[in-house]
Engineer: 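First the structure, which I've put down as structure tokens, then a few questions once you've had a look.
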Amino acid sequence: MRKFILFLSAAAITAFCGCSVNSGKSVKKENNFPKFSLISNNTYKYQMLAYMNNIRAKGAKCAPPAPPLRWNPKLETAASYHVRDMVKHNFLSHTGSGTSYDPARKAPGKGSSYIDRIEFFGIPVKPSMLVGENITFTYLRNVKSDKVMPNFKKAIKNIIDDDTHCKIFMNPRFNYIGSAILRNKDRYFFVMDLAEIDESKTR
């Protein structure tokens, strides 16, 4: 009976969160698609980044303290398009819808991967480079608020409470992040894209 209860608990975590990390082949994309952000108020960016870096500085159950992350607008754009795609089509997956809401798709009907999206919006992914993505959603009734920041903090808690997602978020190799959060009726969907970027080439 105990094993059955544990299985249900693990399934619930999987249903609420998604995570993936890659250090494999590069995917080349060319685009001139317009960039946009779902976090129109820069105050949210600073609040979100400060909150996440505070967690990394303290360390989590899954990992020791890690260096602070820096905000990257290209990762933010990748996260923004994917969260809008998920809200529009009401799904939770690292694979895009393959529709016009998924501009990094390889072909109509063939959804993009998070690597496709990160590359499409301007970050070349090399074989030795680490990139990752965490996704989750929150129910307004559980958070008891329809405001952005309480739901953002709940989304981060979902990620930290799951060992696999937590290890991606706390990975010390990641130095840049971009996030997006968007409401769909009774839920907020959240996407976190991370990358290991050679800072010597960003100057």
Engineer: If you compare all heavy atoms of Ile160 against all heavy atoms of Ala60, which two are closest, and at what distance to 0.1 Å?
Structural biologist: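 Closest approach of Ile160 to Ala60, heavy atoms only: CG2-CB, 4.3 Å.
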Engineer: Is the closest side-chain heavy-atom distance between Leu182 and Met86 below 4.5 Å?
Structural biologist: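 No, every pair of side-chain atoms sits at 4.5 Å or beyond.
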Engineer: Minimum heavy-atom separation for Tyr101 and Asp85, please, with both atom names.
Structural biologist: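 It is CB-OD1, 3.5 Å.
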Engineer: Looking only at atom types and distance, does a side-chain atom of Arg105 sit under 3.5 Å from a main-chain N or O of Thr99, one as donor and one as acceptor?
Structural biologist: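 Yes.
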Engineer: So, do Leu75 and Leu194 sit near enough that their side-chain heavy atoms are less than 4.5 Å apart?
Structural biologist: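 Of all side-chain heavy-atom pairs linking Leu194 with Leu75, none is under 4.5 Å.
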Engineer: Please tabulate, one pair per line, all N/O donor-acceptor pairs under 3.5 Å involving side-chain atoms of residues 185-193, not counting sequence neighbours.
Structural biologist:
residue	atom	partner	partner atom	Å
Arg187	NH2	Asn90	OD1	2.5
Tyr188	OH	Asp146	O	2.8
Asp193	OD2	Ala79	N	3.4

Engineer: Do Asp116 and Ser113 have side-chain atoms, one donor and one acceptor, less than 3.5 Å apart?
Structural biologist: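 Looking only at side-chain atoms, Ser113 and Asp116 do form a donor-acceptor pair, the distance falling under 3.5 Å.
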Engineer: Would you say that Phe152 contacts Tyr44 through its side chain, given a criterion of any heavy-atom pair below 4.5 Å between the two side chains?
Structural biologist: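 No, every pair of side-chain atoms sits at 4.5 Å or beyond.
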Engineer: Looking only at heavy atoms, what is the nearest atom pair of Met129 and Ala195, with distance?
Structural biologist: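 Scanning both residues, the minimum pair turns out to be CE-CB, 4.1 Å.
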Engineer: Tell me, which pairs form a disulfide bond (SG atoms under 2.5 Å apart) where one or both residues lie in residues 104-137, sequence neighbours left out?
Structural biologist: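 For residues 104-137: none.
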Engineer: Sequence neighbours left out, what pairs pass disulfide bond (SG atoms under 2.5 Å apart) with at least one residue falling in residues 83-117?
Structural biologist: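 Qualifying pairs, neighbours excluded: none.
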Engineer: Mind checking whether Tyr139 and Phe137 have parallel, tilted or perpendicular rings, split at 30° and 60°?
Structural biologist: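 It falls in the perpendicular class, over 60°.
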Engineer: Give me the atom names and distance for the closest heavy-atom approach of Val148 to Ile181.
Structural biologist: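 Heavy atoms of Val148 and Ile181 come nearest at CG1-CG2, 3.8 Å.
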Engineer: State which residues pass salt bridge (charged side-chain N to carboxylate O under 4.0 Å, His left out) with Lys167; sequence neighbours excluded, sorted by chain then number.
Structural biologist: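 Lys167 satisfies salt bridge (charged side-chain N to carboxylate O under 4.0 Å, His left out) with Asp163 once adjacent residues are dropped.
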Engineer: With a 4.5 Å cut-off on side-chain heavy atoms, are Ile123 and Asn72 touching?
Structural biologist: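 The answer is yes, as the side chains (C-beta and beyond) meet within the 4.5 Å cut-off.
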Engineer: Looking at residues at least two apart in the chain, or sitting in another chain, which of them share a salt bridge (charged side-chain N to carboxylate O under 4.0 Å, His left out) with Lys147?
Structural biologist: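 Per chain and number, Lys147 pairs via salt bridge (charged side-chain N to carboxylate O under 4.0 Å, His left out) with no residue.
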Engineer: Do Asp102 side-chain atoms and Ser112 backbone N/O form a donor-acceptor pair below 3.5 Å?
Structural biologist: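 Judged by distance alone, yes, a pair lies under 3.5 Å.
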Engineer: Looking at every heavy atom in both Pro150 and Ser145, which two are closest together, and how far apart are they?
Structural biologist: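 For Pro150 versus Ser145, the nearest heavy atoms are CG-OG, 3.7 Å.
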Engineer: Which pairs pass disulfide bond (SG atoms under 2.5 Å apart) with one or both residues in residues 56-158, sequence neighbours excluded?
Structural biologist: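 Disulfide bond (SG atoms under 2.5 Å apart) check on residues 56-158 returns Cys62-Cys166.
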Engineer: Just wondering, do Phe169 and Met52 contact through their side chains at under 4.5 Å, heavy atoms?
Structural biologist: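 When only atoms from C-beta onward are counted, Phe169 and Met52 do touch, with a gap below 4.5 Å.
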Engineer: Locate the shortest heavy-atom distance separating Glu196 from Ser128; write the atom from each residue and the value.
Structural biologist: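 Shortest heavy-atom contact: OE1-O, 3.8 Å.
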Engineer: Less than 4.5 Å apart, side chain to side chain, heavy atoms only: is that true for Tyr114 and His82?
Structural biologist: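 No, every pair of side-chain atoms sits at 4.5 Å or beyond.
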Engineer: Could you walk me through whether Phe120 and Tyr81 pass side-chain contact (heavy atoms from CB on, under 4.5 Å), step by step?
Structural biologist: CA-CA 11 Å; Phe120 185 87; Tyr81 271 99; over 6 Å; no
Engineer: Heavy-atom distance under 4.5 Å between the side chains of Glu76 and Phe121, does that happen here?
Structural biologist: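 Side-chain contact under 4.5 Å: no.
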